[in-house]
Amino acid sequence: MNVLVVGGAGYIGSHCVRQLLAAGHRPVVLDNLVYGHRGALAPGVAFHQLDLGDEAGVARVLRAEQIELVMHFAAYCYVGESVTDPLKYYFNNSMATLQLLRAMLAVGVKRFVFSSTCATYGTPATLPLVETMPQAPINPYGQTKLDVEHALQALAVAHGLSFAAFRYFNAAGASEDGAIGEDHTPETHLIPLAFDAATGRRAQLEIFGTDYPTPDGTCLRDYVHVDDLSRAHIAAFPRLAQPGTALFYNLGTGRPTSNREVVRAVEKVTGRPIKVVESPRRPGDPPALYADSTKAQRELGWQVKFPDIDAIVATAWKWHSAHPRGYRG
Ligand code: UDP
């Protein structure tokens, strides 16, 4: 299929482009390169540098490239920043997605794969999370993603849009060949910051909150490899042939990993100690989030290749050790 990958120069999008190529599809990348990296683009893949606000331009790309399905990864992803600058998230994550959808409907492209998030659940009453549990985000990041999920449902009813919304847990790791990886500016994610602390690029690593009601007092998250995420997306394509299909899937390994366990995994793979500073809780952080992904396994035949944190961190280290400054070298 001809697949437009919006945000295809970003972390998850760039990995998905490689997986699409491996599965025999024809990806086309659209990215404004605000957070995406030219160095993450796959060689030989068509690239259009465009903002989603340019609806006429997006519609032109959809037509010219004969796009059959759109995958949308372009979003801001910092929980903490979404709390301090919510408008940035409402405009980019919600409004820009609605503009993309309007451009798609204008030219009759009605298959859509959306990057949603476990942050739509807020602080869950029980764990692991299943798709039918109540969604009550506790930060604007999660809210903007949930707003889009609701819009997608309305568009499925009104216009026959078919979509799969994937609620990611913590995307992590890098391509197995070490060619592409995670590079955010500013970096706020735990694993890359732990590498920086291990290698001395940063003096220390702050752990936000050590008084959570969890076994070691730090937050529990469910780290899932970026290539495993991509493979689930592609496995959903056949199910989107029927107009008006609305699919929601959690994507995680189901294994809770504490922030301290992440630190230990990074120390192990790098062979270097990390100086940890115990800091106050970060606003907007639920104590524990981990997935029940049985639905994706059952319906999409999804099996993770990287089930544990050590294996995931090893791929991330391969990229990070070769590119300590990310795509800058
Ligand atoms: N975290 C931390 N120190 C950091 C960055 C993150 O303790 O320098 C914690 C954060 O509070 C959360 C977990 O690591 O409990 C995962 O955070 P991250 O930002 O990597 O992903 P998120 O869960 O927000 O998507």
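Just so you know, ligand 1 is whichever comes first in the structure, and atom 1 is the first atom listed for that ligand. Quick caveat, the model's predicted, so the values are computed rather than measured.
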Engineer: Considering only the protein, which heavy-atom contact is closest to atom 3 (N) of ligand 1, and what is its distance?
Structural biologist: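 Looking at atom 3 (N) of ligand 1, the protein heavy atom closest to it is Glu206 O, 2.7 Å.
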Engineer: When you measure from atom 25 (O) of ligand 1 to every protein heavy atom, which one gives the shortest distance, and what is it?
Structural biologist: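 Looking at atom 25 (O) of ligand 1, the protein heavy atom closest to it is Asn170 ND2, 3.7 Å.
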Engineer: Need the ligand 1 atom indices (1-based, order shown) with element for anything under 4.0 Å from a heavy-atom of Cys219.
Structural biologist: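 Answer, ordered by atom number: 15 (O).
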Engineer: Between Phe248 and Phe163, how do the two ring planes meet: parallel, tilted or perpendicular, split at 30° and 60°?
Structural biologist: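 Rings of Phe248 and Phe163: perpendicular, as their planes differ by over 60°.
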Engineer: Quick one: look at Leu190 and ligand 1, take heavy-atom pairs under 4.0 Å, and tell me if it's side chain, backbone, both or neither.
Structural biologist: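 Both the backbone and the side chain of Leu190 come within reach of ligand 1.
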Engineer: Using a strict cut-off of 4.0 Å, indicate which atoms of ligand 1 neighbour a heavy atom of Thr188.
Structural biologist: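 With Thr188 as reference, the close atoms of ligand 1 come out as 5 (C), 6 (C), 19 (O).
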Engineer: Before signing off on this row, confirm whether Phe208 and ligand 1 have an N or O atom pair separated by under 3.5 Å.
Structural biologist: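 For ligand 1, there is an N or O atom that lies under 3.5 Å from one belonging to Phe208.
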Engineer: What residue and heavy atom of the protein are closest to atom 11 (O) of ligand 1, and at what distance?
Structural biologist: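 Among all protein heavy atoms, the one nearest atom 11 (O) of ligand 1 is Asp285 OD2, 2.5 Å.
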Engineer: Please confirm whether the ring centroid of Tyr76 lies under 6.0 Å from the ring centroid of Tyr35.
Structural biologist: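 Yes, the ring of Tyr76 comes within the 6.0 Å limit of the ring of Tyr35, centre to centre.
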Engineer: Could you find the nearest protein heavy atom to atom 13 (C) of ligand 1 and give me its residue, atom name and distance?
Structural biologist: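 That would be Asn259 OD1, 3.4 Å.
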Engineer: Do His323 and Tyr327 have ring centroids that are under 6.0 Å from one another?
Structural biologist: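 So the answer is no for these two rings.
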Engineer: Answer yes or no: is there a side-chain heavy-atom contact under 4.5 Å between Leu69 and Met71?
Structural biologist: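 When only atoms from C-beta onward are counted, Met71 and Leu69 do touch, with a gap below 4.5 Å.
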Engineer: Test your reading of the structure: does Arg221 have an N or O sitting under 3.5 Å from an N or O of ligand 1?
Structural biologist: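 Right, the criterion is met.
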Engineer: Given Arg202, Arg282, His189, Glu278, which has its nearest heavy atom closest to atom 24 (O) of ligand 1?
Structural biologist: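 Looking at heavy atoms only, the winner is Arg282.
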Engineer: Can a side-chain donor-acceptor contact be found between His37 and Asp31 if the only test is distance below 3.5 angstrom?
Structural biologist: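 Not at all, the side chains of Asp31 and His37 share no donor-acceptor pair under 3.5 Å.
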Engineer: May I ask you to list the atoms of ligand 1 that are less than 4.0 angstrom from any heavy atom of Ile207?
Structural biologist: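 So the atoms of ligand 1 that pass are 7 (O).
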Engineer: Should the heavy atoms of other residues, nucleotides or ligands under 6.0 Å from CD of Gln66 be counted, would the total exceed 12?
Structural biologist: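 No, the 6.0 Å shell around CD holds no more than 12 heavy atoms from other groups.
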Engineer: Do Asp222 and Thr253 have side-chain atoms, one donor and one acceptor, less than 3.5 Å apart?
Structural biologist: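 Yes.
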Engineer: Of the side chain and backbone of Tyr223, name the one, both, or neither that has a heavy atom under 4.0 Å from an atom of ligand 1.
Structural biologist: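 The side chain, only.
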Engineer: For atom 8 (O) of ligand 1, which protein heavy atom lies nearest, and how many Å away is it?
Structural biologist: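 Checked against all protein heavy atoms, atom 8 (O) of ligand 1 sits closest to Leu193 CD1, 3.3 Å.
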Engineer: For Ser279 and Glu206, does a side-chain donor sit closer than 3.5 Å to a side-chain acceptor?
Structural biologist: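 The criterion, which ignores hydrogens and geometry beyond distance, is satisfied for Glu206 and Ser279.
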Engineer: Strictly under 6.0 Å, is that where the ring centroids of His233 and Tyr168 end up?
Structural biologist: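 Here the rings of Tyr168 and His233 have centres that are less than 6.0 Å from each other.
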